[in-house]
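Each chain gets a letter, A, B and so on, in the order its sequence line appears, and its residues count up from 1. Here the structure is a predicted model, which is why all the values come from computation and not from measurement.
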Number of protein chains: 2
Amino acid sequence: MKLARDEVPLGTFEEQVMLAVLRTASDAYGMTVRREIEDVTGREIAVGAVYATLDRLEAKELVASKRSTIDGVSRRLFSITAAGGRALAETRSMRERLWQGIDLRRLLGAAG
Amino acid sequence: MKLARDEVPLGTFEEQVMLAVLRTASDAYGMTVRREIEDVTGREIAVGAVYATLDRLEAKELVASKRSTIDGVSRRLFSITAAGGRALAETRSMRERLWQGIDLRRLLGAAG
DNA sequence: GCCATCACTCTACATTGTAGAATATAATCA
DNA sequence: TGATTATATTCTACAATGTAGAGTGATGGC
């Protein structure tokens, strides 16, 4: 039971959330992150899913948050930490090595 | 509680397992799939993790298996189904859209 | 028969993914 | 002013996925 949190790639949704934070840049808070994922992936996301994941990512220090009030509306703005950036990079390169050499077209063509 | 199993992208490990099945091609069974993931990603994988995931993928009909005896040794050979291929493709394109426009280099450089 | 190998199954539990109701705060307006 | 609407977040509960390690069964050599 070692749980080397390092080396373990990000979960699918964790990665989506982190990427959405990056994409919404300085305006990354719960609602915009959710909308961004919905827009880009085309599937519906529950609010709770976003915040729960954001909380867990923050606990692992892969994202950071700070309160910010704009136009009288209080928001929790998120950003990616250095460790978060590394986790994203590792997750991606690990996956790229696995996809290496796989012919997606043939995969779909073969069995339809 | 609709659970549209479609549209939901594959989990990180599910994807790794499916890719390893493709990579080991006609020799894809528990042990080789495990070894393949370990070799390519560089991290240790428990046998149980592989089989549990393979079983769940089979239940969702994303992979199929059949018994085969070679040199007196019985093995459960796995292959990717058509639906499995589509799931892989969808998972990948969904992710690619999210990564679109993100500068990994800058991401790592900025905060190190 | 006993031991070592190889492949797989089972059990149990931790982490991640998800839904939806509840709460909080400010803006609007009859 | 207090009901109403809109926005943002928190909370609760549970399902699905990820993981470890012990257990089982078959085979082959000694």
Can you measure I70(B) atom CD1 to dG28(D) atom P for me and round it to whole angstrom units?
14 Å
Got a donor-acceptor contact below 3.5 angstrom from the R43(A) side chain to the P9(B) backbone?
no
Does a side-chain N or O of K60(B) approach OP1 or OP2 of dT17(D) to a distance below 4.0 Å, or not?
yes
Give the residues of residues 18-31 of chain B touching DNA chain C, defined as any heavy atom closer than 4.0 Å, sorted by residue number.
Y29(B), G30(B), M31(B)
Under 3.5 Å: donor-acceptor pair, side chain of R34(B), backbone of I45(B)
yes
Taking only heavy atoms on the protein side, list every residue of residues 49-59 of chain B lying under 4.0 Å from any atom of DNA chain C, sorted numerically.
Y51(B)
Give a yes/no on whether any side-chain N or O of R76(B) is located under 4.0 angstrom from OP1 or OP2 of dT9(C).
yes
To the nearest Å, how far apart are E15(B) CD and dT17(D) P?
14 Å
Backbone N or O of G84(A) within a donor-acceptor pair of the T81(A) side chain at under 3.5 Å?
yes
Does dT9(D) have its OP1 or OP2 closer than 4.0 Å to a side-chain nitrogen or oxygen of R34(A)?
no
For T12(B) and T12(A), indicate whether the former's side chain and the latter's backbone hold a donor-acceptor pair under 3.5 Å.
yes
Roughly how many Å is it from CD in E38(A) to C1' in dT18(C), rounded to a whole number?
13 Å
Using modelled atom types only, decide if a donor and an acceptor are shared between the side chain of R75(B) and the backbone of I70(B) within a distance under 3.5 Å.
no
Can you check whether L77(B)'s main-chain N or O pairs, donor with acceptor, with S65(B)'s side chain at less than 3.5 Å?
no
Contacts of G48(A) and F13(A) projected onto DNA chain C by closest heavy atom; the upstream (5') one is F13(A)
side-chain contact (heavy atoms from CB on, under 4.5 Å) with T91(B): of E96(B), R86(B), E15(B), M18(B), only one passes, and it is E15(B)
Short side-chain to backbone donor-acceptor contact, E38(A) and R35(A), under 3.5 Å:
no
Closest-nucleotide 5' rank along DNA chain C - winner of V47(A) and T12(A):
T12(A)
Nearest-angstrom distance from the residue atom CE of M94(A) to P of dG18(D):
14 Å
5'-most contact on DNA chain D: S74(B) or A46(B), nearest heavy atom basis?
A46(B)
Rounded distance (Å) that lies between atom P of dA7(C) and atom CD of E36(B):
15 Å
With D39(B) via salt bridge (Lys or Arg N to Asp or Glu O under 4.0 Å) - residues at least two apart
none
Rounded to whole Å, how long is the line connecting atom CG of L10(B) with atom P of dA16(D)?
15 Å
Non-neighbouring partners of E61(B) that pass side chain to side chain donor-acceptor pair (under 3.5 Å), sequence neighbours left out
none
Checking dA8(D), dG18(D), dG17(C) against the side chain of E14(A) (C-beta onward), the nearest is dG17(C)
note: L62(A), atom CG; dT15(C), atom P; distance rounded to Å ~ 14 Å
What residues, two or more places apart in sequence or in another chain, satisfy salt bridge (Lys or Arg N to Asp or Glu O under 4.0 Å) together with R76(B)?
D55(B), E58(B)
Any side-chain N or O of R75(A) below 4.0 angstrom from OP1/OP2 of dA8(D)?
yes
Enumerate all atom pairs, one protein N or O and one N or O from nucleotides 1-4 of chain D, separated by less than 3.5 Å.
none

Heavy-atom donor-acceptor pair, T24(B) side chain to T32(B) backbone, under 3.5 Å:
no
At 4.0 Å (heavy atoms only), tell me whether G72(B) reaches a base, stays on the sugar-phosphate, or touches nothing.
sugar-phosphate
Starting from P on dA8(D), measure out to CG on L77(A) and report it in whole angstrom.
11 Å
